[in-house]
Amino acid sequence: MFTKVLVANRGEIAVRVIRACRELGIQSVAIYSDLDRNALHTRFADEAYALGGSTAAESYLDIPKILDIIEKSGADAVHPGYGFFSENAEFAEQITERGVTFIGPPSDAIRIMGDKISARLAAENVGVSGVPGTTAFIENRSEVIDFAKEHSYPIAIKAAYGGGGRGMKVVHSEEEIQGAIDSAQREAVAYFGRGELYMERYLTKPRHIEVQVLADSHGNTLHLGTRDCSAQRRHQKLIEEAPASGIEPDILREMGEAAVAVAEGCDYVNAGTVEFLYENGAFYYLEMNTRLQVEHPVTELVYGVDLVEEMIRVAAKKQITYSQKDIKTNGWAIESRIYAE
């Protein structure tokens, strides 16, 4: 097991990881910006180091500063939390190149699943289908017109390297196509630094279902039930409930098996979430988040597993000590978010 874990994050998730370290008897290292000097996570950790700066770019996103603190503190592992570097393959590689463990998936898995096109291909390779769509980038509006002839409108034009609804536009007619392409491209470049787009049929009334997966380095992969995050505003989740309700048990079982297949197909290790769209008795692969989710507590409450502790154990090459048949649903949990607009 590790002796000292640096938490490359701030706020609530940093406190959550530090708590897990404390329960496992592992020392924790916090980092903080000038604005967070007296924040709870800096006081809760065993050690805390100043990054300087007030913006994220000047502090929590400054890789050289974090690497320097890893060396100074003697940390032998890094937990990225969520956001910031949690899905950054370059950061994961720079950590591991220094002989320090990244508490998360391998960088190759982060890359595959971070690109919506390669992620879609990876799912298809293991027999898990997404919503009908393309696996090549959109070059011009005629391709969208041809796609519409086969699949009809509406069509979602989406940023290949996007998420959270950014860089996504829905078109309902041929007249809207060029404007949607231009707008999605501008937004994708602004938010993600890349403008590649792809398209898929837009489901009008789907439910958004997540499946929590966990895999170790000994070949064991299992799923920890479902979460329903269908209540959204501007493609941002408002309410999460576990488990997903009102869906046939056989479909939920198939969804769990599909999630495990997707994880195994990209040699995934550690905790992750495979997301699906469900409509009219059918489900479609959407994407995989290669990190701990904000909404992980509802899964922990219902399925009785401490996901953060499991992430640390798995990263330390420990084997998962239970099997799929041991995962039982116990009750129901809900999480809601408040957005200021």
### Message
Tell me whether Val294 shares a hydrophobic cluster with Leu286, the cluster being built from Ile, Leu, Val, Met, Phe, Trp, Tyr side chains joined at under 4.5 Å.
### Response
no
### Donor-acceptor under 3.5 Å (His296 side chain, Asp306 main chain)
no
### Task
Give the intermediate values and the outcome of side-chain contact (heavy atoms from CB on, under 4.5 Å) for residues Ile177 and Phe147.
CA-CA 12 Å; Ile177 293 173; Phe147 184 82; over 6 Å; no
### Message
Assess the residue pair Phe192 and Tyr161 against the criterion (ring pair (Phe, Tyr, Trp, His ring centres under 6.0 Å)); give the C-alpha distance rounded to whole Å, side-chain angles, the decisive distance to 0.1 Å, and a yes or no.
### Response
CA-CA 7 Å; Phe192 310 110; Tyr161 298 92; 8.9 Å; no
### Message
For Tyr32, is there any backbone N or O sitting under 3.5 Å from a side-chain donor or acceptor partner on Thr42?
### Response
no
### Message
If hydrophobic clusters are built by linking Ile, Leu, Val, Met, Phe, Trp and Tyr wherever their side-chain heavy atoms come under 4.5 Å apart, do Ile31 and Ile70 end up in the same one?
### Response
yes
### Query
In Å and rounded to the nearest 0.5 Å, what is the CD to CD distance from Glu210 to Gln293?
5.0 Å
### Task
Can you spot which of Glu93, Glu90, Glu87 makes a salt bridge (charged side-chain N to carboxylate O under 4.0 Å, His left out) with Arg111?
Glu93
### Message
I'd like to check Leu67 versus Glu71 (side-chain heavy atoms, cut-off strictly below 4.5 Å). Are they in contact?
### Response
no
#### Entry: Polar side-chain atom of Arg291 near backbone of Gly81 as donor-acceptor pair, under 3.5 Å
no
### Task
I would like to know whether Phe102 and Phe91 meet side-chain contact (heavy atoms from CB on, under 4.5 Å); could you show each step before the answer?
CA-CA 9 Å; Phe102 179 76; Phe91 180 72; 4.0 Å; yes
### Task
Show the numbers, then the answer: is there a side-chain contact (heavy atoms from CB on, under 4.5 Å) between Leu6 and Ile66?
CA-CA 9 Å; Leu6 182 141; Ile66 295 174; 4.3 Å; yes
### Task
Would you kindly say whether Arg227 and Thr273 are connected by a side-chain donor-acceptor distance under 3.5 Å?
yes
### Query
If you measure from CD1 on Ile95 to CD1 on Ile63, what distance do you get to the nearest 0.5 Å?
8.0 Å
### Query
Around atom CG of Asn330, are there more than 12 heavy atoms of other residues, nucleotides or ligands at under 6.0 Å?
no
### Task
Looking only at non-hydrogen atoms, find the nearest pair between Val302 and Pro243 and report the distance.
CG1-CD, 4.0 Å
### Task
Can you see which heavy atom on Asn220 is nearest to which on Ile320, and at what distance?
O-CD1, 3.9 Å
### Minimum heavy-atom distance Tyr268-Asn289, with the two atoms named
OH-O, 4.2 Å
#### Entry: salt bridge (charged side-chain N to carboxylate O under 4.0 Å, His left out) partner of Glu187, the single match among Arg166, Lys169, Lys158
Lys169
### Task
Keeping the roles fixed (side chain from Asn125, backbone from Leu121), state whether a donor-acceptor pair exists under 3.5 Å.
yes
### Task
Please test Thr3 against Gln27 for side-chain contact (heavy atoms from CB on, under 4.5 Å), starting from the C-alpha separation and ending with a verdict.
CA-CA 6 Å; Thr3 58; Gln27 286 189 302; 5.9 Å; no
### Query
Should Leu224 and Val269 be counted in the same cluster of Ile, Leu, Val, Met, Phe, Trp and Tyr side chains packed under 4.5 Å apart?
yes
### Message
Can you tell me how far apart CG (Asn88) and CD (Gln94) are? Round to the nearest 0.5 Å.
### Response
8.5 Å
### Message
If I take atom CD1 from residue Ile181 and atom CD1 from residue Ile157, how far apart are they, to the nearest 0.5 angstrom?
### Response
4.5 Å
### Query
Under a 4.5 Å cut-off applied to non-hydrogen side-chain atoms, are Met113 and Cys266 in contact?
yes
### Task
Please confirm whether the backbone N or O of Ala180 pairs with a side-chain atom of Ser183, one donor and one acceptor, at under 3.5 Å?
no
#### Entry: Sole candidate of Val100, Thr101, Ile103 that passes side-chain contact (heavy atoms from CB on, under 4.5 Å) when paired with Val5
Ile103
### Task
Look at the side chain of Asp267 and the backbone N and O of Ala109, then say whether any donor-acceptor pair between them is shorter than 3.5 Å.
no
### Query
Who passes side chain to side chain contact (heavy atoms under 4.5 Å, CB included) against Ala20, sequence neighbours left out?
Arg16, Val308, Glu309, Ile312
### Summary
Looking only at heavy atoms, the pair that brings Ala159 and Tyr198 closest together is O-CE2, 3.8 Å
### Query
Any side-chain heavy atom of Leu222 sitting closer than 4.5 Å to one from Ser323?
no
### Message
When you compare the side chain of Thr321 with that of Arg313, does any pair of heavy atoms fall below 4.5 Å?
### Response
no
### Task
Using a 4.5 Å cut-off on heavy atoms from C-beta on, say whether the side chain of Glu143 contacts that of Asp146.
no
### Task
Kindly say whether Gly272 contributes a backbone atom to a donor-acceptor pair with the side chain of Gln212 at under 3.5 angstrom?
yes
### Message
Any heavy-atom pair between the side chains of Pro297 and Glu335 that's under 4.5 Å?
### Response
yes
### Task
First locate atom OG of Ser33, then atom CG of Leu61, and finally report the distance between them rounded to the nearest 0.5 Å.
11.0 Å
### Query
Mind checking whether Val128 and Phe276 have side chains closer than 4.5 Å, heavy atoms only?
yes
### Task
State whether the number of non-hydrogen atoms from other residues, nucleotides or ligands found under 6.0 Å of Glu248 atom CD is greater than 12.
no
### Query
So, Tyr60 versus Asp36: side-chain donor-acceptor pair below 3.5 Å or not?
yes
### Query
For the atom pair CD (Glu176) and CZ (Arg141), what is the distance rounded to the nearest 0.5 Å?
11.5 Å
### Query
Is Trp332 linked to Leu238 within one hydrophobic cluster, defined over Ile, Leu, Val, Met, Phe, Trp and Tyr using a side-chain heavy-atom separation of less than 4.5 Å?
yes
### Task
Could you tell me whether a side-chain N or O of Ser86 sits under 3.5 Å from a main-chain N or O of Pro80, the two making a donor and an acceptor?
no
### Heavy-atom pair with the smallest gap, counting every atom of Leu203 and Tyr284
CD1-CD1, 3.8 Å
### Query
Is any side-chain heavy atom of Ile251 closer than 4.5 Å to a side-chain heavy atom of Phe283?
yes
### Task
State plainly whether one hydrophobic cluster holds both Leu51 and Phe84, where clusters connect Ile, Leu, Val, Met, Phe, Trp and Tyr through side-chain heavy atoms under 4.5 angstrom apart.
yes
### Nearest heavy atoms of Ile117 and Thr135, plus distance in Å
CG2-O, 3.0 Å
### Task
Using a strict 4.0 Å threshold on nitrogen-to-oxygen distance, state whether Glu275 and Lys237 make a salt bridge.
yes
### Task
Name all pairs fulfilling the salt bridge (Lys or Arg N to Asp or Glu O under 4.0 Å) condition that reach into residues 44-61, sequence neighbours left out, sorted by first residue then second.
Lys4-Glu47
### Task
Give a yes or no answer on whether the side chain of Ser59 reaches the backbone of Thr55 with a donor-acceptor pair at less than 3.5 Å.
yes
#### Entry: Side-chain donor/acceptor of Asp216 to backbone N/O of Gln319, under 3.5 Å
no
